[in-house]
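Every number for a ligand or one of its atoms is a count from 1 in the order of the listing. The first residue of the sequence shown is numbered 1, and numbering continues consecutively from there. In this text, all values refer to a predicted model and were calculated from it rather than measured experimentally.
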Amino acid sequence: MGTIADLSRAEEFLDKGELKEAKSRAASLCRALYETEDKDKVLGWRTGEHSVMQLKEIRRKAEEIRREADVFVIVGVGGSNQAARAVIEALPVKEGPKIMYLGNTLSPYTIKKTLEVMEGKSVYIDVIAKNFETLEPGSHFRILRQWMERRYGKEDMARRITVTGTRGSRLEEIAGENGYLFLEFPVPVGGRYSAFTPVGLLPIAAAGLDVEAYLAGMEAARKDCQENWEDNPAVRYAAVRQLLYRRGYDIEMMVSFEPRYGFFAKWWVQLFGESEGKGKKGIFPATSIYSEDLHSIGQYMQDGRRNLIETFLSAKEPGASVVVEPCPDYGDRFDYLDNMDFARINQAAEEATWEAHLKGGVPCIRFQVDKVCERSFGELYYYFMAACAVSGQLMGVNPFDQEGVEEYKRSMFGALGK
Ligand code: PA5
């Protein structure tokens, strides 16, 4: 088991001396992550200490949700829902409630459609909001509370609501006043770094997924980053992408031939976009899912402006087997596929794309895991969070704040008369 980061084909685009120097700077920053005192309260994710916080309550509530709920609504936006969603959407969720998401849009159509699905069902919700001022989750909590109060009454509704917020926040007070379960969103963990806190753990447990394996993955990657700070996937990746950036490669596309990674790539976009895009700097993170997007973005990747880095994410184990059976009388000219498994066909497409794009002048990076599973998600989340922390600092930005996001909120609040 283990995440493999192959950076060799991207390193070919770089000067060896510069690369050595960048790796050594990245390694020092990685070591500093674990040796620096957390004065700004932003490094709470690095030790994984918040992953055991309230784990018993989380398990108990998850079991209740799985037993009693037909629909479980996760209310949150950005870092407050992306990590859990990526795991849940990628893995086969065992029997249990239908999981839905709110708090991430202001579209009345989507809100209405979600409420319609909830009609006549046993509904549980988890409202995740670090700063309980964000309009999207806050307003949806209002709507859901009213909806639930009408259906269940105050008492029955109380057990159906979990809130995940910071200690001392208005959200915690509301939980106390109404008897909702309160889970802590640790202050020293930013939303996009919160995959291993109650923010990610309750939804993953409520989906019936293996929380232990997920945390074991995190722990393996944490140990690797902390103990092998000189050379681990996070350090190598951060160094290479920063050097490429200095050479003018300012767009990075995370691609996968596995559509199950679609929401993971969204999480990655959020992590790097919000962490690095500041001070008029930053690699623009984007994502494409192949083969679908090979027929659109694939053209640009092959032959458009040469400012692109392509980061492939794949799993060795395909997770299923579908073999093309021979049908000599069909005359469709696809007989060359006879007896081939789609696992092989998909892999051939991936290798062909990798080679073609390299030839076209795109530095290609590959992250590969054995299997799409809870453990590998734990590893990937941790490696990318550590990489982002190092990479942002190499670039000279603070990878833990998001002033730009606050700007849109200020102007929206103004428009709405707050
Ligand atoms: O990573 C971040 O800090 C952000 O993406 C937040 O998670 C997002 O803005 C949601 O914030 P909040 O939970 O405070 O509403």
Between Arg159 and Tyr124, a side-chain donor and acceptor under 3.5 Å: yes

Axial cation check for Phe377 ring with Arg375, 6.0 Å and 45° limits: no

Residues Glu11, Arg236: salt bridge by 4.0 Å N-O rule: no

Trp354 six-ring centre to Arg366 NZ/CZ under 6.0 Å and within 45° of normal: yes

Pair Asp70 + Lys98, salt bridge at N-O below 4.0 Å: no

Cation-aromatic face contact Arg160/Tyr152, 6.0 Å, 45 degrees: yes

Within the protein, residues bringing a heavy atom under 4.0 Å of ligand 1, chain by chain: Val77, Gly78, Gly79, Ser80, Ala129, Lys130, Asn131, Thr134, Gly191, Arg192, Gln270, Glu274, Gln402

